[in-house]
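What follows is a short report on a single structure.
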Amino acid sequence: MHTSIVPVETTQLGLVLTGGGARSAYQVGVLKGVAELVRRGSACPFPIITGTSAGAVSAIALASDAAHFRRSVYAIERVWRDFRVHQVFKADAVSMLRFGLHWMLAFITGGWLVHPPHSLFDNTPLWDLLREKLDFDGIPRSLYKQHLHALGVCATCYADADSVTFYASASEIAPWARVFRKGARVQLTLDHLMASLSIPFLFRPVLLHDQYFGDGAMRQTSPLSPAIHLGANRLFIIGVNDPAPTGAPPARRASEPSFGQMFGFMLDSLFMDTLNADLERINRYNESNNASRVECLVMTPSQDVNKIARRHARELPRSLRTLMRTMGANTAASTLLLSYLLFERGFTRELIALGYEDARARADEIRAFLVLEKARTFRATPG
């Protein structure tokens, strides 16, 4: 979707990175394509950045080195190109066996002697990886040097069911409160990021500000509003949903969905449905507000990500493939769940390549939307 352009002097460009688990490798490819359109040595062309779930990782990485856009994008790409499942959660045979025994004992004892596990997977490896790779101290530096205007990371509070945008900004942006969503100004840390990444059931909630938080997409009824609250009126949105189906669906015999297929649909609804609804609301808003419009350019995969995931299914550790098969998530109809958990380099590299080619194919459109010919660029400062 690409709507009309507002005057350059009044625009504030925002980057919106949605959630999507392993699918978020596509966003890295698009960012790589954008990086090749900007002048070498330029700062990040997006003064406002918001991220949810896996998208929040790239948001933090870009914001922490906003003076060097290409360098930050290439650093993100290096991590995603060599991703392995064991860097995200423990999926070895011993860990999976221990997890299965824990559930079985909790079930047998009714939870009296052994409490049920807090999550399906232990994502301690992801904590360690992000602690090593991300520089949270770079965020206030980017804000101070005005390479960045604002950064928001979205999470969901289990206590009041609110979608909370934890944000940092260079100017005095007042916290906001709407129905089931609010903004809280904080000093962003790894805890805020891990809260945004805590997909329900899969990963353990994070204790933060005396409350437990989980994945930011859970209660995010308006995923574009955080960027707008932070001052953006032009949104470059990188989603990870599949192309819209065309034509009549193929005729096939109806079969009852497996647990894995239903879980995959749940994650798909979690990450995708609200974005499309929010885009419709913005379109309706623009139709009735000629003076104050919110312009959007949306990038989504041009190919079916589920088909790509099926080609790389055997790259998963054997113990995880066994779990997927047990859940009924190993069939063609059930690859939604697989595509969110396939943190293996064959899959992520193909998605990066797809995002890069999609960005190249729409290079003129992206260049015009970002107004790169007229946009202010910052030379990277030493150090």
Side-chain angles (χ1 to χ4, degrees), residues 14-21 24 46 48-64 118-119 123 126-127 130 134 136 139-140 143 148-232 235 237 239 266-267 269-275 277-278 281-282 294:
L15 172 65
V16 178
L17 299 170
T18 65
S24 294
F46 306 103
I48 297 169
I49 304 173
T50 62
T52 300
S53 195
V57 178
S58 294
I60 293 288
L62 292 174
S64 62
H118 295 280
S119 60
N123 66 342
L126 185 58
W127 280 85
L130 297 181
L134 296 178
F136 285 85
I139 297 171
L143 293 169
L148 181 71
H149 176 68
L151 167 68
V153 171
C154 302
T156 301
C157 180
Y158 280 106
D160 57 17
D162 277 354
S163 173
V164 182
T165 300
F166 296 110
Y167 70 92
S169 63
S171 61
E172 290 297 325
I173 299 175
W176 63 88
R178 301 291 186 270
V179 178
F180 296 126
R181 51 192 171 93
K182 57 191 176 187
R185 187 170 186 149
V186 299
Q187 181 176 342
L188 288 164
T189 66
L190 179 59
D191 288 348
H192 296 96
L193 174 57
M194 293 304 299
S196 183
L197 287 164
S198 296
I199 300 174
F201 303 114
L202 297 184
F203 302 137
R204 187 172 185 173
V206 175
L207 181 61
L208 194 60
H209 305 297
D210 297 322
Q211 302 288 349
Y212 280 97
F213 287 83
D215 195 284
M218 282 191 288
R219 297 287 290 182
Q220 198 175 47
T221 56
S222 186
L224 304 182
S225 69
I228 295 172
H229 277 293
L230 293 175
L235 303 179
I237 305 157
M266 184 198 75
L267 291 180
S269 299
L270 190 71
F271 292 125
M272 310 303 173
D273 291 353
T274 55
L275 173 61
D278 216 14
R281 282 193 291 268
I282 285 182
V294 177

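When side chains are defined from C-beta on, Leu193 does not count as touching Leu188, because their heavy atoms never get closer than 4.5 Å. Looking at heavy atoms from C-beta onward, Met194 lies out of side-chain contact with Phe203 at the 4.5 angstrom threshold. The shortest side-chain heavy-atom distance between Leu15 and Leu62 falls under the 4.5 Å cut-off. Taking 4.5 Å as the limit, some side-chain heavy atom of Leu190 sits within range of a side-chain heavy atom of Phe136. By the 4.5 Å heavy-atom criterion applied to side chains, Leu151 and Ile49 are counted as neighbours.
In this structure, Tyr167 has its ring center closer than 6.0 angstrom to the ring center of Trp176.
In plain terms, the two heavy atoms of Cys154 and Thr165 that are nearest each other are SG-OG1, 3.6 Å. Between Met218 and Pro200, the closest heavy-atom pair is SD-CG, 3.5 Å. Taking each heavy atom of Leu134 and Ala61 in turn, the nearest pair found is CD2-CB, 3.8 Å. In plain terms, the two heavy atoms of Ala56 and Val153 that are nearest each other are CB-CG1, 4.0 Å. For the residue pair Ile173 and His229, the shortest heavy atom distance occurs at CG2-O, 3.8 Å. The nearest pair of heavy atoms linking Asp215 to Thr156 is O-OG1, 2.8 Å.
Surrounding CZ of Phe180 are at most 12 heavy atoms belonging to other residues, nucleotides or ligands under 6.0 Å away.
Within the model, atoms CG of Leu130 and CG of Leu197 stand 6.5 Å from one another, a figure rounded to the nearest 0.5 Å. Note that the NZ atom of Lys182 and the CZ atom of Phe166 stand 8.5 Å from one another [nearest 0.5 Å]. Between atom CD1 of residue Ile199 and atom OG of residue Ser53 there is a gap of 4.5 Å, rounded to the nearest 0.5 Å. Rounded to the nearest 0.5 Å, atoms CD1 (Ile139) and OG (Ser169) are 12.5 Å apart. Rounding to the nearest 0.5 angstrom, the gap separating the NE2 atom in His149 from the CG atom in Leu143 is 9.0 Å. With values rounded to the nearest 0.5 angstrom, Leu224 atom CG is found 4.5 Å from Ile282 atom CD1.
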Does the pair Phe46 and Leu235 meet the rule for a side chain to side chain contact (heavy atoms under 4.5 Å, CB included), with working shown? CA-CA 9 Å; Phe46 306 103; Leu235 303 179; over 6 Å; no

Side chain to side chain contact (heavy atoms under 4.5 Å, CB included) between Val16 and Thr50, worked out: CA-CA 5 Å; Val16 178; Thr50 62; 3.8 Å; yes

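In terms of modelled atom types and a separation under 3.5 Å, the side chain of Ser58 and the main chain of Ala54 share no donor-acceptor contact. No donor-acceptor pair under 3.5 Å is formed between the side chain of Asp162 and the backbone N or O of Val164.
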For residues 204-214, which side-chain N or O atoms pair as donor and acceptor with protein atoms under 3.5 Å away, sequence neighbours left out?
residue, atom, partner, partner atom, Å
Arg204, NH2, His118, NE2, 3.3
His209, NE2, His192, NE2, 3.0

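Residues Ser225 and Arg178 have side chains that never bring a donor and an acceptor to within less than 3.5 angstrom of each other.
Listed by chain and residue number, nothing satisfies the side-chain hydrogen bond (donor to acceptor under 3.5 Å, both in side chains) test with Ser64 (two or more places apart in sequence, or in another chain).
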